[in-house]
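Read through the structure below, which is laid out as structure tokens, and then see the notes.
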Amino acid sequence: MSSVAPGEPVPLATRAYWDDWYASKIAEEGAGDMSALEFEWLAGVGGEDEHGDDADDGGPLWSVIDATPRSSRVLELGCGVSRLAERMCDAGFERVEAIDFSDAPIAVMRARAASRRDRGARDASSKTKTKTVSPAYAVADALELDAATYPASSYDLITDKGLMDVLLNAHDQERWHERLRRDTASYVSTANRPECRYDGATSRADAAAALRNVARLLRPNGAFAVLTYEPPAGRSAFFEAPELGFTHRAGYPIEDGKGNTLFVLEKEGAEARGGARCS
């Protein structure tokens, strides 16, 4: 497997990086660490845990999902091995899709979905009669979604828990680097000003491409819920491109209480909710 040399940028936005990363996790699980593939980015996913109790990590993201009509068609971007899509199904959503551009996590999640269906079939043959719905998982790149497979105005809700952070990692590192140069006395000397090796321009272009796809896929009144490690100052500008036609849902963005920020953006044409047009 490839490795990143100390001090070199971490290529988070590449398939190769994540293919290697998941391969290492799968190897750990094969070696007996059964928790290797049981994790969530940016805290938890909310909903109920395996015991039927309210999870303590539901937070604002789950509140937005839970308030969405169960008839909605939902798409999760950059799902990895998150249980978010499963928990949506457990909460009553029947049309949930989840995509990731790396084959490895999708293979894991498809196996989990098959196990859920088998379990549901067993329950249906018993007195329990429990209906088990599983998400539909697919290998797809949020930057290059085929219009025939993912037609315009198809989804009522699209969720992102960390994808924008992956796409904008280089931009973030570049920005943090420049702030450090500006605010730290040790960087006064030109000789002590190393160049940032992150390619922020490409990072920003990738984020813009993904956001254009989100805007295309959302139905009028549809919502895009974005959980990110960055505060509004580091993300708002990306949601304010006029061509996206996003409107902030009233009361957002907000902090989730764990150091993250939740944006809820609605596609132009939504009924007035007291929100403000991004500009």
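Worth knowing before you read on, the calculation uses all heavy atoms, side chains too, and leaves out hydrogens, waters and symmetry mates. All residue numbers in this chain count up from 1 along the given sequence.
- For Tyr229, the side-chain contact (heavy atoms from CB on, under 4.5 Å) criterion is met by Leu42, Asp165, Asn169, Asp172, Trp176, Arg235, Asn260, not counting sequence neighbours.
- Across all their heavy atoms, Ala91 and Arg70 have their closest contact at O-NE, 2.8 Å.
- Among Arg73, Lys267, Arg219, the single residue meeting the side chain to side chain donor-acceptor pair (under 3.5 Å) criterion with Asp156 is Arg219.
- Counted within 6.0 Å of CD on Glu255, heavy atoms from surrounding residues, nucleotides or ligands total 12 or fewer; the atom is thus considered open.
- Looking at Arg116 and Asp90, a side-chain N of the basic residue comes within less than 4.0 Å of a carboxylate O on the acidic one, giving a salt bridge.
- Arg175 CZ to Cys196 SG: the interatomic distance, rounded to the nearest 0.5 Å, is 12.0 Å.
- Partner of Phe263 under the ring pair (Phe, Tyr, Trp, His ring centres under 6.0 Å) criterion, out of Tyr252, Phe246, Phe239: Phe239 alone.
- Minimum interatomic distance between Leu218 and Ala223 (heavy atoms only, all atoms of both residues): CD2-O, 3.4 Å.
- Results of the side chain to side chain donor-acceptor pair (under 3.5 Å) test with Glu97 over Tyr155, Tyr137, Tyr150 single out Tyr155 as the only residue that passes.
- Taking NZ of Lys161 as the reference point, atom CG of Leu163 lies at 11.5 Å (rounded to 0.5 Å).
- For the pair Pro151 and Leu217, the tightest heavy-atom approach, listed with the atom from each and the gap, is O-CD2, 3.4 Å.
- Using a 4.0 Å cut-off between a side-chain N of Lys or Arg and a carboxylate O of Asp or Glu, Arg112 and Glu38 qualify as a salt bridge.
- Aromatic ring pairs are classed by plane angle as parallel below 30°, tilted from 30° to 60° and perpendicular above 60°; the pair Trp41 and Phe39 is perpendicular.
- Scanning for side-chain contact (heavy atoms from CB on, under 4.5 Å) contacts around Asp103 gives Val139, with sequence neighbours left out.
- To the nearest 0.5 angstrom, Glu266 atom CD is 10.5 Å from Leu157 atom CG.
- Ala215 and Leu244 make their closest contact through CB-O, 3.7 Å (heavy atoms, listed as atom of the first residue, atom of the second, distance).
- For the pair Trp62 and Leu84, the minimum side-chain heavy-atom distance is below 4.5 Å.
- A donor-acceptor contact under 3.5 angstrom links the side chains of Glu40 and Ser82, judged on distance only.
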